[in-house]
Amino acid sequence: MSMTDEQLQAEIEAWLAANWKGVPAHTESFGRDPRSEWLAKVRDAGWAVPRWSAEWQGRGLSNDQAKIVERAFAKVGAPGAGQDRSNLWANTALAHATESFKRTIVPQLLAGEVGMCLLYSEPGAGSDLAAVRTRADKVDGGWRVTGQKVWTSGARVADYGMLIARTDWDVPKHRGISFFFLPMKQEGVEVRPLRQITDEAHFNEVFIDNAFIPEENLLGPLNGGWGVLQTALAYERSVMGDAARGPRSGAGGPKGDDALLGLAREAGRLGDPVVRQDVAQVIAWRVLNKLNTARAKAELAQGTSSPIMSLGKLAMSRILHEEARVRTMLLGPESLLEGPDHPRAEDANFLTLNAYFTSIGGGTDQIQRNIIGERVLGLPKEPEVDRTIPFREVRAG
């Protein structure tokens, strides 16, 4: 039964007043979510995915009314609403998973009850994901998978990995790939951490040796995984374009744009017209990126991809690199210092190094420019000499 905006506003405010007591902040995008008890409550009330039908624990609201729900949650600082636009895992599963698997996995994903990771890139297939050589061979009841993946965040704590693997070697590379949910907690899956320049290890190598995937864990048609991947990548780029990791020090003080203004003020340079222009440029890019991301999400229908998401992802990369540059410029020689005794320099140096996380992960800046050029601007595609030949005839790089 439909309701007016006023009735919806009153219902959601009353529900939040009765149920929202605050939960621990969640800073990690992978692994079981410590807020799962709260998220399950949000899911069961239909607020997690308000645009989805009641069959899938939504409310069938219009986009405009769903925004009323999201704004009400944001007003009190409550997480969990609007996952029909932001939950990479659940949106991909709902659009492409088998009926039986959807019934099990989608509710768990909405409540953060299972940990997830992405098993896309390989040592020889990074920018060109269609060149993957991890293989999935059909056996009774499912598939056996062998291969290697790399740059996988969250693999050590994940319950499932969204995997692309080669299932047909006799067709061109884009047409022989299938998309799976690989159970990670099994023999034949080995995870090794990769140490980053920030002295962290968010990324991992994953070695897969004859691991088993049940038949129902295939998403989309057999050999049709490239289309499923485009849906998943669109949601991933949406998340990366929306926000990015901030300073590591945890030091108090202003956040976001206020932090940059505060740093310029502390350095006594807020009156410098060049500094003011640099700070204003970063803030303007952030505002513009928020508007662009909202536009892209408004165009995103369930199960579809949007090349406009690449604009947001590319913009966030540029913002992070530029903010790090401005912070370093404001600190001057102080930026040479490091460690907990020098939190301002520690933050500037960390942001400088960690900016590459966004400009490489989820498709490099160069790949995003190709997508924007070809799919948004309609420019001619780059030549691909191996696009139409059977994959087994493609030379390995």
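Side-chain atoms are counted along with the backbone in the values below, which use heavy atoms only and exclude waters and symmetry mates.
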With rounding to the nearest 0.5 Å, note down the distance linking [atom1] in [X] to [atom2] in [Y].
{"X": "Ile105", "Y": "Thr92", "atom1": "CD1", "atom2": "OG1", "value": "12.0 Å"}
{"X": "Leu261", "Y": "Arg265", "atom1": "CG", "atom2": "CZ", "value": "6.0 Å"}
{"X": "Leu330", "Y": "Leu260", "atom1": "CG", "atom2": "CG", "value": "6.5 Å"}
{"X": "Ile164", "Y": "Leu219", "atom1": "CD1", "atom2": "CG", "value": "13.0 Å"}
{"X": "Leu61", "Y": "Lys67", "atom1": "CG", "atom2": "NZ", "value": "13.0 Å"}

Checking [X] side chain against [Y] main chain: does a donor-acceptor pair fall under 3.5 Å?
{"X": "Asp159", "Y": "Gly115", "value": "yes"}
{"X": "Glu190", "Y": "Val206", "value": "no"}
{"X": "Gln196", "Y": "His202", "value": "yes"}
{"X": "Thr167", "Y": "Ala136", "value": "no"}
{"X": "Gln57", "Y": "Ala54", "value": "no"}
{"X": "Asn223", "Y": "Ser178", "value": "no"}
{"X": "Arg43", "Y": "Pro107", "value": "yes"}
{"X": "Gln83", "Y": "Ala48", "value": "no"}

Side-chain donor-acceptor distances from residues 210-217 under 3.5 Å, at least two apart:
residue	atom	partner	partner atom	Å
Glu216	OE1	Ser100	OG	2.7
Asn217	ND2	Phe181	O	2.9

Apply the hydrophobic cluster definition, ILVMFWY joined by side-chain contacts under 4.5 Å directly or through others, and give me every member besides Tyr356.
Ile360

Would you check, one step at a time, whether the test side chain to side chain donor-acceptor pair (under 3.5 Å) holds for Asn354 with Thr198?
CA-CA 7 Å; Asn354 198 61; Thr198 56; 4.8 Å; no

Criterion side chain to side chain donor-acceptor pair (under 3.5 Å) on Arg192 and Asn204, from CA distance to verdict
CA-CA 5 Å; Arg192 301 179 189 172; Asn204 305 274; over 6 Å; no

For Glu205 and Gln148, test the side chains for any donor-to-acceptor distance below 3.5 angstrom and give the result as yes or no.
yes

Report yes or no: do Gln277 and Gln281 form a side-chain donor-acceptor pair below 3.5 Å?
no

Is it the case that over 12 heavy atoms from other parts of the model lie below 6.0 angstrom from the [atom1] atom of [X]?
{"X": "Glu393", "atom1": "CD", "value": "yes"}
{"X": "Leu377", "atom1": "CG", "value": "yes"}
{"X": "Lys75", "atom1": "NZ", "value": "no"}
{"X": "Trp38", "atom1": "CH2", "value": "yes"}
{"X": "Gln7", "atom1": "CD", "value": "yes"}

Full working for side-chain contact (heavy atoms from CB on, under 4.5 Å) between Val106 and Trp52:
CA-CA 12 Å; Val106 170; Trp52 290 4; 3.8 Å; yes

Would you call [X] and [Y] a salt bridge, using N to O less than 4.0 angstrom?
{"X": "Asp137", "Y": "Arg144", "value": "no"}
{"X": "Glu384", "Y": "Lys173", "value": "yes"}
{"X": "Arg325", "Y": "Asp278", "value": "yes"}
{"X": "Arg195", "Y": "Glu200", "value": "no"}
{"X": "Glu37", "Y": "Lys41", "value": "no"}
{"X": "Arg344", "Y": "Glu334", "value": "yes"}
{"X": "Glu55", "Y": "Arg103", "value": "yes"}

So that I know where these two stand, are Trp15 and Trp20 an aromatic pair - ring centroids less than 6.0 Å apart?
no

Heavy-atom closest pair, residues [X] and [Y]:
{"X": "Arg156", "Y": "Ala201", "result": "NH2-O, 2.6 Å"}
{"X": "Ala131", "Y": "Phe391", "result": "O-CZ, 3.5 Å"}
{"X": "Met3", "Y": "Gln65", "result": "O-NE2, 3.0 Å"}
{"X": "Val145", "Y": "Ile208", "result": "O-CG2, 3.3 Å"}
{"X": "Ala348", "Y": "Leu331", "result": "CB-CD1, 3.8 Å"}
{"X": "Val275", "Y": "Ala264", "result": "CG1-CB, 4.2 Å"}

Counting C-beta onward and ignoring hydrogens, is there a side-chain heavy-atom pair between [X] and [Y] closer than 4.5 Å?
{"X": "Pro79", "Y": "Arg35", "result": "yes"}
{"X": "Asn289", "Y": "Ile319", "result": "yes"}
{"X": "Ser121", "Y": "Lys149", "result": "no"}

Over-ring placement of Arg175 relative to Trp226, 6.0 Å and 45° cut-offs
no

